[in-house]
**Student:** 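One structure, as structure tokens, below. Some questions next.
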Amino acid sequence: MSVFLPKGTRDFLPEQMQVRLRAIDTIRAVFESFGFEPLETPAFERIETLSGKYGEEADKLMFRIHKRGRSAKPGECDLGLRYDLTVPLARVLAMNADLRLPFKRWQIQPVWRAERPQKGRFREFWQCDVDIAGSRSPLADAECIAVADAALRALGFEDYTIRVNDRRILTELAREAGASSLQEELSFLIALDKLDKIGLEGVERELVERGFEPDKLGTLWSAIAAPPTTEALLQTLQDVLSGVGLEGVDTLRTVIAAAEAMGVDPSRVRFDPSLARGADYYTGPVFEVAGDDPSVGSVAGGGRYDGLVGRLSGRELPAVGVSLGLERLITLLEAREDAGSMGPVADLLITVFDDGSAPAASRAATAFRAAGVKTELYIGDGRLKAQLKHADRRGYAWIALIGPDEASAGTVTLKNRRTWENTTLDLQAAVNKVSADRR
RNA sequence: GUGGGCGUAGCUCAGUCGGUUAGAGCGCCAGGUUGUGGCCCUGGAGGUCGUGGGUUCGAUCCCCAUCGCUCACCCCA
């Protein structure tokens, strides 16, 4: 073997493509059922559009494209592959001040990250995003949660948890623990976010290493460590926090209630004060959905980013969105027992007996297609036996045999693959029969 | 960027305490039917044992390097 895929990428062979397309169709239908409209943006953006939006780590993971031409300095990059769909959307919003607000769009496209691949992570993967721009209403945040939840259910998922938090609560907590700058706040978040992974003591140790004083959090800390019910925890925070933290608590309470009114099962929603989310641009509620297999990682994530559009254009525009990870969803989909294999694209295979009957077979194929039957004409020089075997293996519902006898009589011999029934009919009768069977 | 595991047929994997022609199952192709597919029988194709070097009389096996894959850390969909 001397030819390889680029690290972290995959080919999608027909069978996998059918699974992917079906998933994308399902997700898109849910997005549109909420009134989101389609958008596409280029695979690459100007480097200054992408840089500094996600955080220091993410900047390193961005695929950069070297500047071309005589004026380029060695190593200089002026373009980069998009890292997510949120920043490109923000760019679109910044450039199109005439968009009617609130602007709701869906976007399903690949993104690229120069990570070391591992389970559930790739260097090229597809995100399925919905975002609402131009609204500060908690209803917008709630709708993002509700649409993600609806998409997951439409895909057949049942075991997942939607964790929610608000960046402002984290900001307040970070300040209580001694953070005095945005950078320190982010450092605090990174440590706190590891709670479910390294445990309470691990986080405490890491916070101390990063120069914080977790004991200053007092009772708050014990509440975070052993979260009681969502409402009890919100109440605790409400009693203790002040300033923006309080705003966060209020908003979150409204968002959770609104999401439930929109059909999200309350038992799936959990307030998790340790949820931080990676990107720097979040300003309010944040959310993340984890499936039943934790090793795959989260399957969706999002939040409010009221400052991002303003950073690009100077025009302030609040926005909130959520992103579903197609690869991870499909990984979970395939792990399910009912995953079942996909059949062929076509309904019918027409065999080609020999050169003499090929024209009749071709004309028959045209007639079937005109009636809406997806029809494959056997291309190849296999004998009838091989053609039937091909049809059987692939799982076509119907097979039409057209040899010299049928060609001269204007008929086709129609085989039902499941019943093995074999009938010779006029072409039109055969078309009617297959086309009726499809409905 | 850091660390662990693994590279033998298209796929899943045996195997060789270093020894002559490297195996199985599945898959693929052909024949057993002249125009009829699930099963069965027979036969066949397909491997520089990832690559390069070292040790050795002899390496797929031991050692080193390298490439690739994979898992974990970091971070994240």
Side-chain angles (χ1 to χ4, degrees), chain A residues 1-10 13 27 54-62 82-86 108-129 148 151-152 186 189-191 193-194 197-198 202 206 275-280 287-291 295-303 321-332 349 351-354 356-357 378 380-396 398-407 412-422 424:
Chain A
M1 186 83 78
S2 57
V3 59
F4 304 97
L5 279 166
K7 193 190 291 293
T9 67
R10 295 176 302 166
L13 297 178
I27 292 166
Y54 305 102
E56 215 174 300
E57 283 296 318
D59 275 358
K60 291 182 201 151
L61 299 179
M62 201 145 57
R82 65 170 167 245
Y83 184 86
D84 70 1
L85 302 179
T86 305
I108 300 179
Q109 288 193 272
V111 303
W112 295 270
R113 296 180 188 179
E115 295 183 282
R116 198 96 161 233
Q118 60 182 276
K119 191 169 183 182
R121 16 179 25 182
F122 303 91
R123 292 184 145 188
E124 176 180 70
F125 62 96
W126 285 59
Q127 291 195 323
C128 311
D129 277 39
L152 289 170
L186 293 171
L189 297 194
I190 291 167
D193 195 43
K194 295 181 188 172
K197 213 163 222 172
I198 61 178
E206 184 151 343
L275 174 67
R277 306 277 312 143
D280 284 7
F287 23 88
E288 189 166 294
V289 183
S295 69
V296 176
S298 62
V299 296
V322 66
S323 177
L324 281 80
L326 185 65
E327 273 61 29
R328 291 183 176 178
L329 291 171
I330 285 173
T331 301
L332 294 180
L349 178 80
T351 64
V352 175
F353 188 77
D354 56 19
S357 53
Y378 187 90
D381 47 11
R383 303 188 335 175
L384 184 60
K385 186 173 181 169
Q387 299 189 32
L388 287 168
K389 195 170 178 180
H390 170 78
D392 196 47
R393 296 274 169 83
R394 300 283 305 278
Y396 295 83
W398 295 95
I399 303 155
L401 284 79
I402 300 177
D405 297 348
E406 289 86 354
V412 311
T413 295
L414 201 57
K415 295 177 73 69
N416 181 308
R417 179 177 148 280
R418 210 184 69 254
T419 63
W420 293 42
E421 184 190 1
N422 225 350
T424 301

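Chain naming here is simple, since letters A, B, ... match the order of the sequence lines and numbering starts at 1 in each.
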**Student:** Between A:Leu401 and A:Lys415, what is the shortest heavy-atom contact and its length?
**Tutor:** CD1-CD, 3.2 Å
**Student:** Take atom CE of A:Met62 and atom P of B:C76, then tell me their distance rounded to the nearest Å.
**Tutor:** 15 Å
**Student:** Using the C1' atoms only, state how far B:C17 lies from B:U60, rounded to an integer number of Å.
**Tutor:** 15 Å
**Student:** Which part of the nucleic acid, if any, lies within contact of A:Ala391, taking any heavy atom under 4.0 Å across all strands shown: a base, the sugar-phosphate backbone alone, or nothing?
**Tutor:** nothing
**Student:** Let's test your reading of the model: under 3.5 Å, does the base of B:G1 pair with the side chain of A:Glu115 as donor and acceptor?
**Tutor:** no
**Student:** If every non-hydrogen atom of A:Phe287 is compared with every non-hydrogen atom of A:Gly321, which pair is closest and at what distance?
**Tutor:** CE1-O, 3.6 Å
**Student:** Quick check for you: among B:A77, B:G37, B:G27, whose closest atom lies nearest to any side-chain atom of A:Phe122?
**Tutor:** B:A77
**Student:** Provide, to the nearest angstrom, the distance between the CZ atom belonging to A:Arg123 and the P atom belonging to B:C74.
**Tutor:** 18 Å
**Student:** Both distances under 3.5 Å, Watson-Crick or G-U wobble: on that basis, could you give the dot-bracket string for RNA chain B, with [ ] for crossing pairs and | for other-strand partners?
**Tutor:** (((((((..((((.....[...)))).(((((.......))))).....(((((..]....))))))))))))....
**Student:** Check the geometry between A:Phe4 and B:G68 and answer yes if their rings are stacked (centres below 5.5 Å, planes below 30°), otherwise no.
**Tutor:** no
**Student:** Does A:Ala279 or A:Asp405 map to a spot on RNA chain B nearer the 5' end, using the closest nucleotide for each?
**Tutor:** A:Asp405
**Student:** So what does A:Gly120 hit on the nucleic acid, given a heavy-atom distance under 4.0 Å: a base, only sugar-phosphate, or nothing?
**Tutor:** base
**Student:** Map A:Lys389 and A:Ala386 onto RNA chain B by nearest heavy atom, then report which one ends up closer to the 5' terminus.
**Tutor:** A:Ala386
**Student:** When the distance from CH2 of A:Trp420 to C1' of B:C39 is rounded to whole Å, what number comes out?
**Tutor:** 9 Å
**Student:** Please report the distance, rounded to the nearest Å, between CD in A:Glu206 and C1' in B:C74.
**Tutor:** 10 Å
**Student:** From C-beta outward on A:Thr413, which listed nucleotide comes closest to its side chain: B:G35, B:G37, B:A77?
**Tutor:** B:G35
**Student:** By nearest atom, which of the nucleotides B:G35, B:G37, B:G3 is closest to the A:Phe353 side chain?
**Tutor:** B:G35
**Student:** Just the rounded figure in Å: distance from C1' of B:C39 to NZ of A:Lys385.
**Tutor:** 12 Å
**Student:** A:Asn422 CG to B:G38 P: how many Å, rounded?
**Tutor:** 14 Å
**Student:** What is the nucleic acid contact for A:Glu56, judged by heavy atoms within less than 4.0 Å: base, sugar-phosphate only, or nothing?
**Tutor:** nothing
**Student:** Of the nucleotides B:C75, B:G32, B:C73, which one has an atom closest to the side chain of A:Lys194?
**Tutor:** B:C75
**Student:** Give a yes or no answer on whether the side chain of A:Glu115 reaches the backbone of A:Leu61 with a donor-acceptor pair at less than 3.5 Å.
**Tutor:** no
**Student:** How would you label the contact of A:Leu5 with the nucleic acid (heavy atoms, under 4.0 Å): base, sugar-phosphate, or nothing?
**Tutor:** sugar-phosphate
**Student:** Looking at every heavy atom in both A:Asp129 and A:Leu324, which two are closest together, and how far apart are they?
**Tutor:** OD1-N, 4.4 Å
**Student:** Rounded off to whole Å, could you give me the CD-to-C1' distance for the A:Gln387 and B:U33 pair?
**Tutor:** 16 Å
**Student:** If I pick the P atom on B:A24 and the same atom on B:C67, what distance separates them, to the nearest angstrom?
**Tutor:** 35 Å
**Student:** Within the structure provided, determine whether A:Asn416 and A:Trp398 are in side-chain contact (heavy-atom separation under 4.5 Å).
**Tutor:** yes
**Student:** Go through B:C74, B:A72, B:C76 for me and flag the one nearest to the A:Arg328 side chain.
**Tutor:** B:C76
**Student:** Going through the distances and angles, do A:Leu326 and A:Ile27 end up as a side chain to side chain contact (heavy atoms under 4.5 Å, CB included)?
**Tutor:** CA-CA 10 Å; A:Leu326 185 65; A:Ile27 292 166; 4.2 Å; yes
**Student:** Provide, to the nearest angstrom, the distance between the CZ atom belonging to A:Arg383 and the C1' atom belonging to B:U34.
**Tutor:** 9 Å
**Student:** Check if the side chain of A:Lys415 and the base of B:U36 share a donor-acceptor pair of N or O atoms closer than 3.5 Å.
**Tutor:** yes
**Student:** Using the C1' atoms only, state how far B:U8 lies from B:G46, rounded to an integer number of Å.
**Tutor:** 14 Å
**Student:** Decide yes or no, distance alone: a donor-acceptor N/O pair under 3.5 angstrom between the base of B:C75 and the side-chain of A:Arg113.
**Tutor:** no
**Student:** What distance, rounded to whole Å, do you find between the two P atoms, one in B:C61 and one in B:A45?
**Tutor:** 27 Å
**Student:** Can you confirm whether A:Arg121 sits close enough to A:Arg328 that some side-chain heavy atom of one is under 4.5 Å from a side-chain heavy atom of the other?
**Tutor:** yes
**Student:** Heavy atoms only, 4.0 Å cut-off, all strands: where does A:Ile190 land among base, sugar-phosphate and nothing?
**Tutor:** sugar-phosphate
**Student:** Expressed in whole Å, how much space separates the P atoms belonging to B:U48 and B:U66?
**Tutor:** 24 Å
**Student:** So which nucleotide from B:C74, B:A77, B:G37 ends up closest to the side chain of A:Gln118?
**Tutor:** B:C74
**Student:** Taking only N and O in the side chain of A:Lys7, is any of them less than 4.0 Å away from OP1 or OP2 of B:C69?
**Tutor:** yes
**Student:** For A:Thr9 versus A:Glu124, what's the shortest heavy-atom pair and its separation?
**Tutor:** CG2-CB, 4.3 Å
**Student:** If we take the C1' atom in both B:U2 and B:C74, what is their distance in whole Å?
**Tutor:** 9 Å
**Student:** Between B:C49 and B:G23, how far is it from one C1' atom to the other, in whole Å?
**Tutor:** 12 Å
**Student:** Classify the ring geometry of A:His390 against A:Tyr378: parallel below 30°, tilted from 30° to 60°, perpendicular beyond 60°.
**Tutor:** perpendicular
**Student:** With heavy atoms under 4.0 Å as the rule, sort A:Arg277 into base, sugar-phosphate or nothing.
**Tutor:** sugar-phosphate
**Student:** Under 3.5 Å, is there a donor-acceptor pair between the side chain of A:Arg82 and the main chain of A:Pro110?
**Tutor:** yes
